[in-house]
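Note sheet for the following structure.
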Amino acid sequence: MWQTFIIQPMVNLLLFIYNLLGHGPHTFGLAIILFTIVIRLVTWPLNASQVKGAQAMQELQTDKEWQDIQKKYAKDREKLAQEQMRIYKDRGINPFASCLPTLIQFPIIIGLYQSISRAMAATPLTMLQLARTVYPFLNIQNIIPLNSHFLWMDLGRPESIAIFGFALPTLAVIVALTTYIQSKLTMPASTNPNDQTAAMSGMMSIYMPLMLGWFALNFASGISIYFITSNLLGIIQYAATGRANWRNLLPGGNKNSSPKK
Amino acid sequence: MNIKRLTLISLFVLIAFVISSCGTRGPITTNWPGLSADADRAYIATGSFVYAVDLKTNKEVWHYPSAADSKQIYYSNPLLTTDGQLLIGSEGSNRAFVSINPETGKDNWTEPFSGAKGSWVASPLVLNDKIYAPNSDGFIYILDMKGKSAGDPIDVGGTLWSAPATDGTVLYVASLDHKLHVIDPASGKITDSVDLGGAAPSSPVIAKDGAYVGSFASKIEFVNSKGHGEAITDASNWIWGTPTLDNETLYYADLNGSVYSLDLATGKQNWGDVKPDGPVVARLLVVGDQIYVASEAGTLVALDRDAKTVWDKKVGDKGQIYTSPVVSGDLILVAPYLGDFMLAAYDAEGKQAWTFTPAK
């Protein structure tokens with residue numbers, strides 16, 4: 001099931017794009033970038049509705065009824081949570097709107113990682129698995145094995161640049177940074193220190209960059225190309241709505257701030 | 001810590017676990033076993049160890065290294081040299097190239113090869129007291145028989161997964177870069193390269209005035225020592241294993257599971273529509289009047305010269321066969337991948353003589 005509906009289409013799409021680009025040097029990296037754009041376009045409606053939900057969450061912070069219940073039930077967290085849920089329900093708001101766009105990426109990330117590993121075919125066994133994965137109508141014997149070099153990277157291996165004898169994981173840093181920026185931009189502003197949704201989003205903006213940075217540090221750099229491209233597209237998509245909370249990027253910027261309308 | 005926070009952290013841990021279990025750091029380091037044999041012993045390279053198995057008692061004689069080391073992984077076919085060495089390289093993060101004493105299982109010498117960027121998927125070749133060791137980084141490294149560098153590495157290009165073949169004068173090296181390279185071992189230079197139209201994962205077989213090689217272009221190509229190439233026949237899918245030459249007949253198989261017999265004198269196929277049992281990666285083995293076909297389905301099939309099935313045996317209840325079977329005396333040795341056992345021996349009538357599984 002996972003193979004048939006996730007891995008096989010992803011591998012074939014990657015190979016199709018790679019072939020389309022001329023399968024020369026650096027094209028596998030470009031194929032991953034284009035592949036990411038395709039995935040983003042496919043999931044655009046889902047992302048858009050979640051961006052909309054996140055915006056609704058931000059607007060809620062300045063809503064009088066919302067602020068009133070924060071004050072009224074400041075010492076009764078259970079009641080406050082009940083009231084918050086009521087308002088969410090009344091206004092059709094998903095409180096996890098800012099988390100979901102990132103979380104829904106995980107099946108894609110797992111699938112992509114497996115697809116890249118499969119497409120790279122670093123051993124005879126994985127080459128054989130690749131032969132089984134490719135759709136018969138894709139005449140790929142001309143393009144196998146794939147050229148795994150992209151810029152200074154071998155996309156089948158973790159990336160680092162040697163500077164003064166130290167192996168600096170450049171991509172891992174960029175992945176963590178762009179993930180942090182994306183999480184912060186979509187994080188709703190909060191005036192209430194007891195706001196659990198804001199607290200959750202705050203945790204996400206810390207754990208997600210660390211976790212994705214760790215993945216980028218340890219796994220094939222092809223996956224880092226996906227992370228960075230996806231993050232940048234997410235930032236662009238969110239910024240295009242004019243609701244990006246740029247002040248969140250600054251220390252303490254989350255407090256008493258609201259996005260410009 | 002509240003429930004939501006705990007749930008979130010648990011979710012991160014779960015996702016990290018799932019992704020971590022999806023792959024490994026860098027390239028995947030598993031493959032089917034490597035197998036070779038002399039008159040008395042079989043040598044199997046699989047995972048952390050190389051095993052020597054006594055063919056009379058089907059007992060382990062030794063394994064190398066003595067204790068598992070996660071940095072050392074072996075799965076190429078160990079090469080027995082005429083001066084009594086067993087040569088093999090590691091695919092693990094420790095990419096050492098080792099000479100093992102086949103009598104004792106102790107290493108004669110180890111070359112760390114810290115400069116090599118790839119792994120040792122291919123077996124080496126020994127010619128004129130020099131070891132030619134192809135690495136997946138596209139270089140052939142040259143050592144003397146004591147493991148010291150004996151020349152500059154030859155930059156072949158592409159990825160090298162198979163041992164060079166030689167007629168004693170030149171080296172024929174198949175590469176995943178779609179080419180068969182002809183190399184002058186004296187100068188270490190590539191004299192000619194022939195485009196095969198697809199990657200060539202296995203060694204060529206030496207013939208009179210040249211070599212035959214199969215490729216993912218689903219063709220068998222003949223290349224002479226002057227670098228002239230000619231596609232002589234087709235297959236219905238990728239050809240993985242080295243073709244087998246028996247007098248004037250060339251036997252080969254493809255990933256569709258078709259087995260072919262080509263009469264080289266006439267250039268016509270004797271037969272080619274035989275599908276014993278599933279895709280064939282392993283090289284066909286010809287012994288006496290029988291052609292042995294080991295398939296991905298885990299079956300060992302004996303065909304006669306007219307393609308009639310003499311016998312077929314399922315090698316264990318599970319496992320696939322990708323490793324080329326080898327012959328030693330009266331025994332046909334088969335090493336299944338992920339099978340019930342590591343090695344099985346059959347006689348010419350298809351009777352299973354024994355199986356071998358290492359003690360835990």
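Chain A is the first sequence line, chain B the second, and so forth, proteins listed ahead of strands; every chain is numbered from 1.
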Select, from B/Phe216, B/Tyr322, B/Trp161, B/Trp32, the one with the greatest count of heavy-atom pairs under 4.5 Å involving chain A. B/Trp161
At a 4.5 Å cut-off on heavy atoms, which part of A/Ala121 comes close to chain B: side chain, backbone, both, or neither? backbone
How close do B/Tyr75 and A/Pro124 get, counting heavy atoms only, and between which atoms? OH-CD, 4.4 Å
Take atom OH in A/Tyr73; do more than 12 heavy atoms of anything else shown fall under 6.0 Å from it? yes
Of the backbone (N, CA, C, O) and the side chain (C-beta and beyond), which part of A/Ile223 lies under 4.5 Å from a heavy atom of chain B, both, or neither? neither
Would you say A/Gln141 and B/Ser215 make side-chain contact, with heavy atoms under 4.5 Å? no
Under the side-chain hydrogen bond (donor to acceptor under 3.5 Å, both in side chains) test, residues paired with A/Asn12 that sit two or more places apart: none
Shortest non-hydrogen pair, A/Pro145 vs B/Leu176, comes out as CD-O, 2.9 Å
What I'd like to find out is whether the side chain of B/Thr30 reaches to under 4.5 Å of the side chain of A/Thr123, using heavy atoms alone. no
A/Leu128 side chain near B/Leu255 side chain, heavy-atom distance below 4.5 Å: yes
Checking heavy atoms, do the side chain of A/Met120, its backbone, both or neither come under 4.5 Å from chain B? neither
Donor-acceptor check, side chain of B/His178 to backbone of A/Ile144, threshold 3.5 angstrom: yes or no? yes
